[in-house]
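If you're wondering where the values come from, they're calculated on a predicted model, not measured in any experiment.
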Amino acid sequence: MYSNTQTTSFQYDILPTFPVQGKLSNSYHELVDHLIEHDIHCIDGFVGVNWEIPVAQIQQEFVKRGLTVRFVSMETAFLPESSIQEKVAPYLGGNDPLFGKKVPLQLAAYFDTVKLAAFEEILNNTAANEYVIFYGPGAALLDNSSKVMYIDLPKNVLIQRMRAGQAWNLACAKQTNQKELYKRYYFVDWELLNRHKRTILSRVEILADQLSLENLPWISGNDLKETLHAMSENYFRVRPTFEPGVWGGQWMKEHLTGIDQQAKNYAWSFEMIVPENGILLESNGQVLEISFDQLMFQESSNILGTAQPRFDVEFPIRFNFLDTFDGDNLSIQCHPSPSYAKTEFGENFTQDESYYIVDRKGDAQVYLGFQEDIDADQFRTVLEQSFHTGEPIAIDKYVQKFDSQKHQLYLIPHGTVHSSGTNNLVLEISATPYNYTFKMYDWVRPDLDGKPRPLNIDRAFSNLNFNRKGDVVKNTLLSQPQIDVLDTQSIKVHLPTHEDHFYDVFRYEFEDEVRIETKGQCHIMMLVEGEAVELTTANGMKRIFHYAETFAVPAAAKSYSLRNLGASQAKVIQSFVKDSKC
C-alpha cells in the first residue's frame, strides 16, 4: 500500500504536494555522505542554477571530513559563444520577437571535444588524496555509465531569476532583452536540457531542487523512482503558477486562497502546462519540486495508456485559466494548423483550444468565428491600417460574438478567429502547446511595460479558416451537451468537441459519489462547481481537491471514485484523448 497524506480544508491549494515514497533530506552533511558512498563525481543541472552556493556548501562538508576536493566547472569546456550561436541561430526565428523553432541538437554540441576528453582524463586518473567534482549542465556527459547528481530548477523560478537579471541563456553572456531570453529558453535551452535529462535520468542517484537559494532539498534516485511510479498509478496535481497581463482580471485574486494580492491583476493561471509546471513532493515537512517532464520520462506508458504511442513523453492536454473579470478583452487571435506548427516551430501537434466558462458576470461575451459576409482581403486591410495608424476597429463587423454562458464549452480548433471578452473566467482546455497565439488585433493598447504588443497578422492569415463563419459557427463550434443519467444522484454530460480536437470533454454532476474507469486514458479534471471532492483510487490512495483545482488520474490507476464533500451538487470537468485518434 502506498503511503498517503491529504488535506482537509475546503480552500484552493497553491502548493499541492504528493507524498514521497521514502524520504527527503535538506542536509548538506547527508548529501556529501551520499556523494562519497556512491562515488559521484559529476553534478549536472539545469540552466539558471546558482552554482556558487551548493559548491561552497559541499566544499565545507569535505573540509570538515579532512578531505581535499577540487571543483571543475563544465562551462570552461563550452565552445566559444560565437560557435554556439552559429549552431542555434537557425532556430531562433531571426527578427521575430516571439517565435523560433525547437532545436533538434544534443547538449554535447555545445562542448569542445578536446576539452571534454581532457576532463575525462582527469576523471579517470584522480589522485588518491583528492576528490574531483565536475559541475554544471553537461557534467554527466563525461561518463555515460556512472551515477550522477542533478540539480533541477523550476522553470517559473528560472523566469523570475531572468526577470531579476540573475539568469541568462545556456552558454551565453549576460543579456537584457527578456523576450529574446525567453524565446531562446523555450526553443533551444529547454529542448537541449530536457532531452539531456531524459537520457541521464536512470543514472541520477541524487536529485536536488534549487527552488530556494537558502536550501537544497534532495531525494535519492531510488526514492524518486518509487515516488514517480506511485504517482503514475494514482493521481497528480502540478504546482500552479500565475501571471499578470494587460487584459488580466480580479477573479483569481478574490477566490484563490494564498495568491499574492500585490499583483495588479492575474491574466493566467497555469493549472497544468507541462513545459513549465512542476510537481511538489513532500516528506515530514520537507518539500522538493521536480519538473513535470521527469514523471513523463519515467512513466509515460502508465500516465497516457493507449495514447502513449502517439504522444511518447509529451503530455497532450493542458488546463489553464484566463481571467478577465473587471479586466479587458483578449486579443483577436487564432492558432496554427498542425502542418504549420510542425514546419515552422517543430511542434508535433498544434494548439487546438476550447473555452469552458467557469464563471461570468454582466454582459460577458465570447468572440468566435467570422460574420457571414466576411471579406478576407478587406479584413486584412483594416487590421494592417489599424496596426500602422493606431486607430481602433469595429471588430464586430468582422467577428461574431456570443453571450457567454456558464458551463458552456466553446470550440476553437486551429485556424478559428476568437477571443474572450471581459468579465469571464475561462477554463481553457487545450492541446498542450501554449506559445502560438497569432494576434491580429489588440484593441490598440500597450502591454504592461507600456510598449506595443507584437501582432502576427502575416502568420494569422497563413492559418485562418474563413469557412468558419455565420451559422457554421453556431452549428459546429458551440458544443451541444448530451446527458447520460448514471443513477438517482448523478449524471454524465458529454460536451462533444470538434472533429479537429484530439481530446474529448465530459462533466460529471453528482450529489454524493461517482465511480469512474480510466479505460486506458489519463483523465484531467477540475471541480468547476461545489466545495471539494475526495478522490479515492483503486490502489487506496485518497486526496481532497477543492473548487477550481486541476488534478489528473493516470491511465494505470484503472478506476477511481469522487465523493462530494460539499453541501451542494458537485460538477467535475473531465478531459482525455479520444480513442479514435490514438
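A salt bridge is defined here as a Lys NZ or Arg NE, NH1 or NH2 lying under 4.0 Å from an Asp or Glu carboxylate O, and Asp312 with Arg198 meets this definition. Ion pair Asp500/Arg468 flagged as a salt bridge, since at least one NZ, NE, NH1 or NH2 atom sits closer than 4.0 Å to an Asp/Glu carboxylate oxygen. Ion pairing between a basic and an acidic side chain is recognised when a charged N comes within 4.0 Å of a carboxylate O; Arg318 and Glu353 show such pairing.
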Inset, instruction - Begin with the C-alpha distance, continue with both residues' side-chain angles, and end with the deciding distance and a verdict on side chain to side chain contact (heavy atoms under 4.5 Å, CB included) for Leu409 and Arg507. - result: CA-CA 11 Å; Leu409 183 67; Arg507 184 175 65 240; over 6 Å; no
Legend entry - Evaluation steps, ring pair (Phe, Tyr, Trp, His ring centres under 6.0 Å), between Phe345 and Tyr186: CA-CA 11 Å; Phe345 310 126; Tyr186 185 94; 9.4 Å; no
Inset, instruction - Using the side chain to side chain contact (heavy atoms under 4.5 Å, CB included) rule, take Ile491 and Val485 through it: C-alpha gap first, then chi angles, then the decisive distance, then the call. - result: CA-CA 4 Å; Ile491 63 173; Val485 176; 4.2 Å; yes
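Within a 6.0 Å radius of NZ in Lys225, other residues, nucleotides and ligands contribute 12 heavy atoms or fewer. Other residues, nucleotides and ligands contribute only 12 or fewer heavy atoms inside 6.0 Å of the CD atom of Glu517. Counting heavy-atom neighbours within 6.0 Å of Lys102 NZ, excluding the residue itself, gives a total above 12. The 12-atom threshold is not exceeded at CG of Asn284, counting heavy atoms of other residues, nucleotides or ligands nearer than 6.0 Å. Around the NZ atom of Lys519, the shell of radius 6.0 Å holds no more than 12 heavy atoms that belong to other residues, nucleotides or ligands.
Atom CG of Asn435 is separated from atom CD of Glu276 by 7.5 Å, given to the nearest 0.5 angstrom. Here the straight-line distance linking atom CD1 of Ile524 with atom CD1 of Ile429 works out to 9.5 Å at 0.5 Å rounding. Atom NE2 of His498 and atom CG of Leu411 lie 7.5 Å apart (nearest 0.5 Å).
Residues Lys23 and Asp223 have side chains in contact (heavy-atom distance under 4.5 Å, counting atoms from C-beta outward). Phe321 has its side chain out of reach of Pro240: every pair of non-hydrogen atoms, C-beta onward, lies at least 4.5 Å apart.
A cation-pi arrangement is absent between Lys155 and Tyr185, since the terminal nitrogen or guanidinium carbon is not both under 6.0 Å from the aromatic centre and inside a 45° cone about the axis.
In terms of the salt bridge (Lys or Arg N to Asp or Glu O under 4.0 Å) criterion, Asp487 has no residue partners (sequence neighbours excluded). Residues satisfying the salt bridge (Lys or Arg N to Asp or Glu O under 4.0 Å) test with Asp152, not counting sequence neighbours, are Lys197.
Under the ring-ring contact (aromatic ring centres under 6.0 Å, His included) criterion, the residue pairs touching residues 518-541 are His523-Tyr560, His523-Phe576, with sequence neighbours excluded.
When all heavy atoms are compared, the tightest approach of Asn424 to Ser404 is OD1-OG, 2.8 Å.
Less than 6.0 angstrom separates the ring centroid of Tyr356 from the ring centroid of His407. Here the two rings, on Tyr235 and Phe18, have centers that are under 6.0 Å apart. A distance of 6.0 Å or more separates the ring centres of Tyr355 and Phe402.
Only one option out of Leu15, Leu288, Thr17 pairs with Glu282 in a side-chain contact (heavy atoms from CB on, under 4.5 Å); it is Thr17.
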